[in-house]
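Input: a single structure, listed below in structure tokens.
These numbers come from a predicted model, not from an experiment.
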Amino acid sequence: MALVVASVLAAGALAPAASARPAPVSLSSPPSSSSYDRAVPPLTDDRGRTLTLRGWNVEDKANRGEDALSAITERHFRDLRANGFNFARLLVFWDDLEPRRGQYSARYLHRIERILDWARKHRVRVLIDAHQDVFGPAFGHRGIPEWATRTDGLPFTPNPDDWFSEYFQPAVQRAFTHLYEDLDLQRAQAAMWQVLAGRFGRHPAVIGYDLINEPMGELRPGEDLPTAARRIEAEHLTPMYNRLARAVRAKDRDTWIFVEPTPIVGEGVPTGLGRIKDNRTVYAPHFYNTAMEAGADYDPDAGWIEAYEAAVTAYPARHRMPVVVGEWGPLNNALPNMGRFYREAVASLNRYSSGWAGYVWCYGGGYCAVDERGRFRTNKEQTATPYAPAVAGTVRSDTYDAGTRTYRLAYRAAARPGVTELSLPPAPRGWRVTVTGPAHVLGVSSHGGWPVVLARPGGEVVVTVREAGPHGRTDHP
């Protein structure tokens, strides 16, 4: 348990998804060595296009009350888009939204809306995440309000050198049990989500709601951590997610709902979550490694990425749910093996998921993606590669070769005309885009500034993107 506690987590497009559904996976897809290739469905938009979300978490954990969310600016979304990203997971805190029971902050809601407006302007899709760290302010963190924190007088001892270990303090664990089991707290949590869904459900930037960040729970005497995690997921999280899904649907019938397992999934432990009775649900695990979060370098021989991938895909394959990884990325990203880690991690994430959000888009040190001048910090530039944010058809293959800086997308165009979008991050010499099959590049879209491809319905199309030659221009044959 101590090994896991050390680090499971050390950090804490704008077509509306109004009628989004999981797209059927074609049975004519080529054979795959991975069974989940066809078992995990893709995320889709209201036009049936296959979506890929790539981006970063956006947060302000430092400010609260009247200053809440003030550290998030339009620059965040402008820079995300400029670097080829189309997705942001926005952290919001229940303690800021409802500081006193039944009294919701109009200022906080307005600031969320302002952030969503910036995202819409720069065509970044937003996942609203109800974030908590170590439950909330009763334990010196953020998340669930003090008025909703019940500990039965059990002890709590802060550990600033290993804050994640505070989840295993008796008072924190008991607070989770009360949140899951007390009827009045169940109603309060559902009401909070109805306020958010009622206010932002029709905002064109919003693609989904992440119902609670990294939920934990109370271990029973003699219970090991993997067993406890699976029990908590089965007995507490599954009914909670179904309750909250019903509450959200009373206000918003269409926006995707994202559900998380406990962070113990990062150890390659299959989740105990049961069926979520909503057909617009996304599985949203996090991707953190114990040793790396404790400061160690990536060990390519440990098999962690392979174990995680195998474990994390079983649940969404069984329940036919898309996958979007909500957080990932090590703190010490400049260690000798971290370049390899980023290559292998991105390749793995792209094999089974419909997208991911790195932790975190900020300007500075630590977990920040970029420095004060907006330049990628060591190895994090590997997250910015060409990809297809939306494909009007059934994806056959979707790969990026970092060595040759070549992206290849093969797909069968949908039966009705549709536009496939490409994202090309900045490159010193630009990019060359070529298309084979009954399709052509239309240049760049008038609404997004990214190249788009129009294909004949039903046609087999291959799009290849390579870094351009020495003339420093992007060619669209």
Side-chain angles (χ1 to χ4, degrees), residues 4-12 54-64 67-73 75-80 82-83 85 87-93 96 115 124 127 129 131-134 136-137 139-143 158-167 210 213-214 263 266 286-299 304 325-343 345-346 349 356-384:
V4 176
V5 169
S7 75
V8 178
L9 173 64
R54 291 195 188 170
W56 293 80
N57 285 258
V58 175
E59 68 177 27
D60 179 4
K61 291 185 177 182
N63 297 302
R64 60 184 69 192
D67 295 326
L69 299 177
S70 59
I72 300 173
T73 68
R75 179 189 181 190
H76 287 72
F77 299 93
R78 182 178 61 248
D79 289 354
L80 281 168
N83 284 283
F85 300 110
F87 181 47
R89 180 173 178 259
L90 173 65
L91 278 58
V92 301
F93 298 104
D96 270 324
I115 290 169
V124 174
L127 172 62
D129 161 45
H131 207 83
Q132 66 79 30
D133 293 321
V134 193
F139 307 110
H141 296 274
R142 306 298 310 282
N159 184 1
D161 294 328
D162 182 7
W163 68 265
F164 190 81
S165 69
E166 295 173 1
Y167 274 111
D210 192 335
N213 176 69
E214 296 186 343
H286 292 180
F287 179 45
Y288 290 110
N289 172 262
T290 297
M292 290 164 63
E293 292 304 302
D297 198 358
Y298 173 55
D299 180 1
W304 170 64
V325 172
E327 287 187 27
W328 73 281
L331 175 62
N332 299 321
N333 53 287
L335 295 173
N337 289 334
M338 285 301 176
R340 180 171 176 178
F341 167 74
Y342 273 93
R343 290 192 299 275
V346 169
L349 290 167
W356 40 259
Y359 189 86
V360 53
W361 193 267
C362 56
Y363 302 89
Y367 281 93
C368 288
V370 293
D371 62 20
E372 292 84 351
R373 296 175 59 184
R375 300 170 301 187
F376 277 111
R377 299 181 63 239
T378 305
N379 289 315
K380 297 195 175 188
E381 73 284 349
Q382 295 191 53
T383 62

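- Of all heavy-atom pairs spanning G143 and P137, the tightest one is N-CD, 4.0 Å.
- What you find for N213 and Q132 is that their closest heavy atoms are O-NE2, 2.8 Å.
- In terms of heavy-atom proximity, F164 sits nearest to P263 at CZ-CG, 4.0 Å.
- One distance of note links CG of L69 with CD of E59; it measures 11.0 Å at 0.5 Å rounding.
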(message) Walk me through whether F87 and W361 qualify under ring pair (Phe, Tyr, Trp, His ring centres under 6.0 Å).
(response) CA-CA 11 Å; F87 181 47; W361 193 267; over 10 Å; no
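- The backbone N or O of I72 lies less than 3.5 Å from no partner atom in the side chain of D60, so there is not a single donor-acceptor pair.
- Relative orientation of the H286 and Y288 rings is perpendicular, given thresholds of 30° and 60° on the angle between their planes.
- The minimum heavy-atom distance between L349 and W356, with the atom names listed, is CB-CD1, 3.6 Å.
- In summary, of the residues considered (D96, D133, D129), a salt bridge (Lys or Arg N to Asp or Glu O under 4.0 Å) with R142 occurs for D96 alone.
- A donor-acceptor contact shorter than 3.5 Å links the side chain of Y167 to the backbone of V134.
- A 4.5 Å side-chain heavy-atom check between N83 and F376 finds at least one atom pair inside the cut-off.
- Taking every heavy atom of both residues into account, T73 and S70 meet most closely at CG2-O, 4.4 Å.
- The CH2 atom of W56 lies 13.5 Å from the CZ atom of R89; values are rounded to the nearest 0.5 Å.
- In this structure, the separation between CG on L331 and CD on E293 is 7.0 Å, given to the nearest 0.5 Å.
- In this structure, CZ on F341 lies 12.0 Å from CG on N332, to the nearest 0.5 angstrom.
- Closest heavy-atom contact between F77 and V58: CZ-CG1, 4.4 Å.
- Residues W328 and V346 have side chains in contact (heavy-atom distance under 4.5 Å, counting atoms from C-beta outward).
- You'll find the side chain of H131 reaches within 4.5 Å of the side chain of K61, heavy atoms only.
- Residues M338 and D297 form a side-chain contact, since some pair of their non-hydrogen atoms from C-beta on lies under 4.5 Å apart.
- Taking the side chain as every heavy atom from C-beta outward, V124 and F85 never approach each other to under 4.5 Å.
- With hydrogens and angles disregarded, no donor-acceptor distance shorter than 3.5 Å links the side chain of E166 to the backbone of P158.
- Contact annotation: the side chain of I115 never approaches that of H76 to less than 4.5 Å [non-hydrogen atoms, C-beta and beyond].
- Put simply, CZ on R340 and CG on N379 are 13.5 Å apart, with the number rounded to the nearest 0.5 Å.
- Under the 3.5 Å distance criterion, the side-chain polar atoms of R377 are matched with a main-chain donor or acceptor of G366.
- Residues P330 and Y298 are not in side-chain contact: their nearest non-hydrogen atoms beyond the backbone lie 4.5 Å or more apart.
- The CH2 atom of W304 lies 3.5 Å from the CZ atom of F287; values are rounded to the nearest 0.5 Å.
- Looking only at atom types and distance, the side chain of N57 has no donor-acceptor partner in the side chain of Y367 under 3.5 Å away.
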